[in-house]
Amino acid sequence: MKPNQWEFMDRALEERKQGGRWRSLQAVEPVDGVRVTRRGQTLINFSANDYLGLSKHPALIRATQDYTQRYGAGSTASRLVTGTYSIHQQLEDTLAIACGWEAALVFSSGFQANATVLASLLDREALVLCDRLIHNSMIQGILLSRARVLRFQHNDLDHLEKLLQRAAHRSPSRVVIVTESLFSMDGDRSDLSRLTHLAQQYGAILYVDDAHAMGVLGRQGMGLTAHQPGIDLVVGTFGKACGCFGAYVLCSAKIREYLINCCPGFIYTTALPPGVIGAIAAALERIPTLEQERHNLTQLGNNLRAQLHSLGYDTGLSTSHIIPVIMGDDDKTLRLSHWLEEQGILATAIRPPTVPLGTARIRLALSSAHTGDQVNQLLHALQTWNG
Ligand SMILES: *Cc1c(COP(=O)(O)O)cnc(C)c1O
C-alpha cells in the first residue's frame, strides 16, 4: 500500500478548513413541528423544509404504524422483483390523478431520482440547457450522462431562447431544458408557461424539479406542475412539505414504461418501505384540505419579507415561504447564524458552493405551524444584531 494514497483526503479537508468551508453535523432533537433542542437549548426552527408541519401530524404517524404492522418494516426487494405491493401502485395512481398527469412513478429520494432519471434521459450527444441555480442532484445526473451542458442565467428565458436558437448548430440527439419551479435557495419561481412555450417551439424536452412547491403551491397544493400540460417530466420529493420521505416522477405512460425498463436507479434499488408509503398516502390525503395552512404560510412570508426589508436586509428574489437573508460574506453569515442560535433561533448558514460565491445567506424556511410570536422573536434577534 502506498503511504500517500490518502493524501487527497487530507488535502481536500485542509482546503475546506482553510477556505472556511468546513461542514460538520450538529444533532438536534425534535420537540414539535417547529421547535428542536440542541445542547440543552430549545430553538425555534427556521431551517426545516417541513412547510406544513406534517412530519409530526398524528395521521401520518398512525399511517406509518398501521402500514408497518400490516406489511412489515421493509419491502424486501426492488420494485421489479417482489417490492411492488398494491400500496405502491395505489400511491402512484392517486398521485397521478391528484396532480393531473397521465402517470407517476415513485423513487427513493429526490436526489436519487434527479441523478438517475436525468442520466437515463440523456446521452453523450444530448444537449442540456439548465438554469444556473439548479439543485446539485440534477447536476450529478447531467454529469453522469456526460451530455453537453450550457447554463442560462438564473430565470433568464431570453438567454435560454438564444441558447435554443444556437442549439441546432450542434446537432444534438435531443435538447433537454432543466430547471426548478420554485428555487430552493432563493424562493423565487420560474415562468413555467413561457418555458412550456419555448420547449414546444424549439422541440425541446422540459424537465422541472418541483421539490419545494409540492404541498404548498399549485392547484390544491399539489405543486406548480400540477395540471400543467407541456412539461415532459417532473421530479418532486415527499421529504419536504409532505413531511416524510421518498420522491416521484410525473410523466406520460410511455416515459413511465421507459423508466421502469431503462432507469438503473429505479431497477436496482429496494422499494420504499411500507411505513413510508403509508405516511405519504396520509400526507397526500391531507394536502388538498390545507388551504388555510397555505394561506397562513403566504401571509407569514409576506409579513416576514416586508419586516426584513424595513430592517435593511436583502431577501433577494424571494416571493415565497423560502426567504434568503443574503449577507454575501461567509464569515458574517456564520456569525449571524451563531448569534441567532444564542437568541433561541435555528437558522443555518448556507455558503458556497451550495450557493454562488459572494451570496452566502441565512435561508429562512417558514412553516404554517410557525406563530406570529415566533416570527417576531426571529425579527427581534435580527434587529438587535450588530455584526
Ligand atoms: C431537497 C431537494 C432535492 C432532493 O430531494 P430529497 O428527497 O431530499 O433527496 C431535489 N431537488 C431540489 C430542488 C431540492 O431542494
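Both backbone and side-chain heavy atoms feed into the values below; hydrogens, waters and symmetry mates do not. Start at 1 and go down the list; that is how both ligands and their atoms are numbered.
- The aromatic rings of F152 and H159 sit perpendicular, their planes meeting at an angle over 60°, well past the 30° parallel limit.
- Checked by atom type and distance alone, the side chain of Q220 never pairs as donor or acceptor with a backbone atom of T289 at under 3.5 Å.
- Among protein heavy atoms, the minimum distance from atom 13 (C) of ligand 1 is reached at D209 OD2, 3.3 Å.
- A salt bridge links R21 with D330: the closest approach of a Lys/Arg side-chain nitrogen to an acidic carboxylate oxygen falls below 4.0 angstrom.
- Taking distance alone, with nitrogen or oxygen atoms compared against 3.5 Å, Q112 stays at or beyond that limit from ligand 1.
- Figure legend: cation-pi geometry between R11 and F8 absent, as NZ or CZ is not positioned both under 6.0 Å from the six-membered ring centre and within 45° of its axis.
- With no hydrogens or angles considered, no side-chain donor-acceptor pair links Q377 and D373 at under 3.5 Å.
- Not a single N or O atom of M138, backbone or side chain, sits closer than 3.5 Å to an N or O atom of ligand 1.
- Residue contacts with ligand 1, taken as heavy atom pairs separated by less than 4.0 Å, involve N114 solely via side-chain atoms from C-beta onward.
- Given atom 15 (O) of ligand 1, the protein heavy atom at minimum distance is H212 NE2, 2.5 Å.
- Between the side chain of R286 and the main chain of A282, a donor-acceptor pair closer than 3.5 Å is present.
- For atom 5 (O) of ligand 1, the nearest non-hydrogen atom of the protein is G110 CA, 3.2 Å.
- Salt-bridge annotation for R170 and E125: absent, with no side-chain N of the basic residue lying under 4.0 Å from a carboxylate O of the acidic one.
- Residue contacts with ligand 1 for K240 involve side-chain atoms from C-beta outward but no N, CA, C or O (heavy atoms, distance under 4.0 Å).
- Near T237, with a cut-off below 4.0 Å to any heavy atom, the atoms of ligand 1 are 5 (O), 6 (P), 7 (O).
- Annotation for ligand 1: atoms under 4.0 Å from non-hydrogen atoms of S184 are 15 (O).
- Proximity of E180 to ligand 1, defined as any heavy-atom pair under 4.0 Å, is confined to the side chain (atoms from C-beta onward).
- With a 4.0 Å heavy-atom cut-off, ligand 1 is reached by no atom of A247.
- In terms of protein heavy-atom proximity, atom 9 (O) of ligand 1 is nearest to F111 N, 2.8 Å.
- Electrostatic pairing of D331 and R335 does not count as a salt bridge here, judged by no charged N lying under 4.0 Å from a carboxylate O.
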